[in-house]
Amino acid sequence: TPQSPVTAQPPAPPSAPPSPKAPWWRTYFHGIEPGWIFTALAILLVGTLFGTLLLGGAGRGGTTVAGPSATPDLKGVNTPHTVYDATAPVAASGDSVNIALDVSEGKLGIAPNVTYQAWMYGKTVPGPVLRVRQGQTVHFTLTNSGQIAHSIDFHAAQTPPDQNYVSVLPGKSLSFTFKANYPGIFMYHCGTPTVAHHMANGMYGAIIVDPANGWSPAREYVLVQSEFYPKKNADGTFGLDTDAIMTGQPPAFVVFNGYANQYKDNPLPAKAGEKIRLFVLNAGPTDFSAFHVIGAILSDVYADGNPANHTVGQQTVTIPPGGGTVLELTIPEAGSYAFVTHSFSDAMKGAIGVLKVS
């Protein structure tokens with residue numbers, strides 16, 4: 001019996017190589033490419049480190065905000081503090097006025113347990129508030145009772161600085177005359193080199209020039225914002241950290257009228273429904289002020305204190321170093337209304353006060 005022909009079978013295709021084991025990240029991040037995963041992890045790590053450095057760490061109650069009270073190396077000798085009287089003085093009458101200022105150096109409290117080796121006009125920081133009227137002739141005398149040369153620069157004056165803003169040696173005096181032609185809230189400060197050192201050590205103050213027709217009746221306060229850059233001395237007092245001021249490092253204290261939080265602890269009184277007028281000067285020497293009253297509207301604002309520079313209904317007013325503003329507001333309800341610089345890193349360094357309205 002003939003045998004059936006044998007049909008040739010095609011060779012079996014080679015078997016496929018075994019599938020590689022899926023990487024671990026595929027199990028948990030299905031459909032997501034590894035580059036995105038590692039990018040996200042890197043962003044999370046960098047963000048965590050940046051947040052820690054910027055905010056100073058976090059706790060269960062939120063971020064920790066550093067301030068003078070939380071800085072142990074800013075504690076030393078305590079000097080009893082007399083609250084700086086923020087009440088605006090009254091301008092003298094007549095066609096001319098005589099003003100004299102004495103300059104010296106000495107110890108001054110700028111915060112609890114922080115005694116500063118200050119340079120001062122009239123033994124205070126800021127110096128005394130001066131007030132004249134537009135059109136008055138000012139006869140001024142500066143006497144140096146200190147140990148180093150000092151001078152004065154009036155932002156309210158039009159006078160040759162090479163003659164009248166010159167340095168006065170210890171034990172000497174300088175007199176000059178100027179006419180107060182423009183109304184406003186102006187700064188005076190020492191102009192002796194290095195100017196930043198003299199100003200940061202406390203040599204500044206406010207001079208108000210009332211408009212010729214005067215201001216409307218109001219309760220008036222003067223607030224001078226300024227900064228301190230302290231460096232601890234061997235005796236526990238503080239002096240100027242010249243490296244900090246010259247390299248633009250942040251100040252350790254930002255204050256109203258020379259002392260941290262003094263009007264938070266000793267509020268300025270006012271009455272509901274009355275007009276309040278604030279003469280605000282930013283002595284700097286470096287930071288801008290963003291002046292704001294919490295819970296209130298600044299109904300009338302006069303840049304540099306000149307009635308011609310009038311705006312209304314402002315929430316926050318920017319005041320440059322060396323500039324000033326007159327602010328008016330009426331608070332309808334009794335309560336405690338904090339005033340601050342809305343640059344809150346500066347506010348937390350001592351630039352907080354309170355209007356206590358009854």
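- A ring-centre distance under 6.0 Å is found for Tyr302 and Trp215.
- Here Phe176 contributes atom CZ and His139 contributes atom NE2; the two are 12.5 Å apart, rounded to the nearest 0.5 Å.
- Across all non-hydrogen atoms, the minimal contact from Asp287 to Pro321 is O-CG, 3.4 Å.
- Formation of a donor-acceptor pair under 3.5 Å by the Asp241 side chain with backbone atoms of Lys231 is not found in this model.
- Annotation: side chain of Cys190 is in contact with side chain of Ser151 (closest heavy-atom distance under 4.5 Å).
- With hydrogens and angles ignored, the 3.5 Å screen pairs no side-chain donor or acceptor of Lys356 with any backbone N or O of Lys271.
- Two different hydrophobic clusters hold Val254 and Val317 under the rule that ILVMFWY side chains link at heavy-atom gaps under 4.5 Å.
- Here the OH-CD distance, from Tyr204 to Gln225, works out to 10.0 Å after rounding to the nearest 0.5 Å.
- With Gln134 contributing its side chain and Ala212 its backbone, the two residues share a donor-acceptor pair below 3.5 Å.
- Between His342 and Phe344, the ring-plane angle classifies as perpendicular under the 30° and 60° cut-offs.
- The closest donor-acceptor contact from the side chain of Asn78 to the backbone of Pro112 lies at 3.5 Å or more, if one exists at all.
- A pairwise comparison of heavy atoms in Leu240 and Ala200 identifies CD1-CB, 3.7 Å as the closest pair.
- Counting heavy atoms from C-beta on, the side chains of Thr286 and Glu227 come closer than 4.5 Å.
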Report task. Step by step, work out the side chain to side chain contact (heavy atoms under 4.5 Å, CB included) result for Ile245 and His197. Result -> CA-CA 8 Å; Ile245 182 67; His197 296 179; 4.1 Å; yes

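- Looking at heavy atoms from C-beta onward, Val103 lies in side-chain contact with Leu142 at the 4.5 angstrom threshold.
- Here the CD-CZ distance, from Glu274 to Arg219, works out to 4.0 Å after rounding to the nearest 0.5 Å.
- Side-chain N/O atoms of Ser145 and Ser104 include no donor and acceptor closer than 3.5 Å.
- In summary, the side chains of Tyr263 and Asn257 do present a donor paired with an acceptor at a separation below 3.5 Å, with no hydrogens or angles considered.
- Arg131 places a side-chain N or O within donor-acceptor distance of the main-chain N or O of Pro89, the cut-off being under 3.5 Å.
- Side-chain contact between Tyr116 and Asn201 is present, with at least one heavy-atom pair separated by less than 4.5 Å.
- Using modelled atom types, one finds a donor on one side chain and an acceptor on the other under 3.5 Å when comparing Ser216 with Lys275.
- The minimum heavy-atom distance between Gly202 and Val125, with the atom names listed, is O-CG2, 3.6 Å.
- For the pair Thr124 (side chain) and Pro126 (backbone), a donor-acceptor distance under 3.5 Å is present.
- Residues Thr247 and Asp243 bring no donor and acceptor atom of their side chains to less than 3.5 Å of each other.
- Of the listed residues (His150, His198, His155), just one forms a ring-ring contact (aromatic ring centres under 6.0 Å, His included) with His189, and that residue is His155.
- There is no side-chain donor-acceptor pair under 3.5 Å between His292 and Gln315.
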Requested in this report: Mind running side chain to side chain contact (heavy atoms under 4.5 Å, CB included) on Tyr337 and Ile294 for me, showing each step along the way?
Outcome: CA-CA 6 Å; Tyr337 296 79; Ile294 300 173; over 6 Å; no

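- Annotation for Gln147: atom CD does not count as buried by contact number, only 12 or fewer foreign heavy atoms lying within 6.0 Å.
- Checked by atom type and distance alone, the side chain of Arg133 pairs as donor or acceptor with a backbone atom of Gly94 at under 3.5 Å.
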Report task. Could you go through the side chain to side chain contact (heavy atoms under 4.5 Å, CB included) check for Thr325 and Val301 one step at a time? Result -> CA-CA 7 Å; Thr325 303; Val301 176; 3.5 Å; yes

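- A salt bridge does not link Lys123 with Glu105: every distance from a Lys NZ or Arg NE/NH1/NH2 to an Asp or Glu carboxylate oxygen is 4.0 Å or more.
- When hydrophobic clusters are built by joining Ile, Leu, Val, Met, Phe, Trp and Tyr residues whose side-chain heavy atoms come closer than 4.5 Å, directly or via intermediates, Phe256 is not grouped with Phe186.
- Checked by atom type and distance alone, the side chain of Asn144 pairs as donor or acceptor with a backbone atom of Val168 at under 3.5 Å.
- With hydrogens and angles ignored, the 3.5 Å screen pairs a side-chain donor or acceptor of Lys349 with a backbone N or O of Pro251.
- In this structure, Ile152 and Leu101 have side chains that are in contact, with non-hydrogen atoms separated by less than 4.5 Å.
- Atom OG of Ser96 sits about 11.0 Å away from atom NZ of Lys179, to the nearest 0.5 Å.
- Contact annotation: the side chain of Phe291 approaches that of Leu223 to within less than 4.5 Å [non-hydrogen atoms, C-beta and beyond].
- Looking at Ser173 and Thr141, their side chains never bring a donor and an acceptor atom within 3.5 Å of each other.
- The two residues Thr330 and Pro332 make their nearest non-hydrogen contact at O-CD, 3.5 Å.
- Arg277 approaches Ala218 most closely through the heavy-atom pair NH1-CB, 3.5 Å.
- Between the side chain of Thr341 and the backbone N or O of Ala290 there is at least one donor-acceptor pair closer than 3.5 Å.
- By the 4.5 Å heavy-atom criterion applied to side chains, Ile185 and Val280 are not counted as neighbours.
- Note that OH of Tyr182 is 9.0 Å distant from CG of Asn306, once rounded to the nearest 0.5 Å.
- A donor-acceptor contact under 3.5 angstrom links the side chains of Asn164 and Thr159, judged on distance only.
- Between Glu220 and Phe279 the shortest side-chain heavy-atom distance falls below 4.5 Å.
- For Tyr259 and Tyr84, the distance between ring centers is not under 6.0 angstrom.
- Closest of all the heavy-atom pairs between Gly323 and Leu281 is O-CD1, 3.4 Å.
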Query - Evaluation steps, side chain to side chain contact (heavy atoms under 4.5 Å, CB included), between Val114 and Phe253 - result: CA-CA 11 Å; Val114 180; Phe253 294 98; 4.0 Å; yes

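- Note: Gln117 CD to Thr115 OG1 = 8.5 Å, rounded to the nearest 0.5 Å.
- Ring-plane geometry between Phe154 and Phe140 is classed as perpendicular, the angle between the planes exceeding 60 degrees on a 0 to 90 degree scale with a lower cut at 30.
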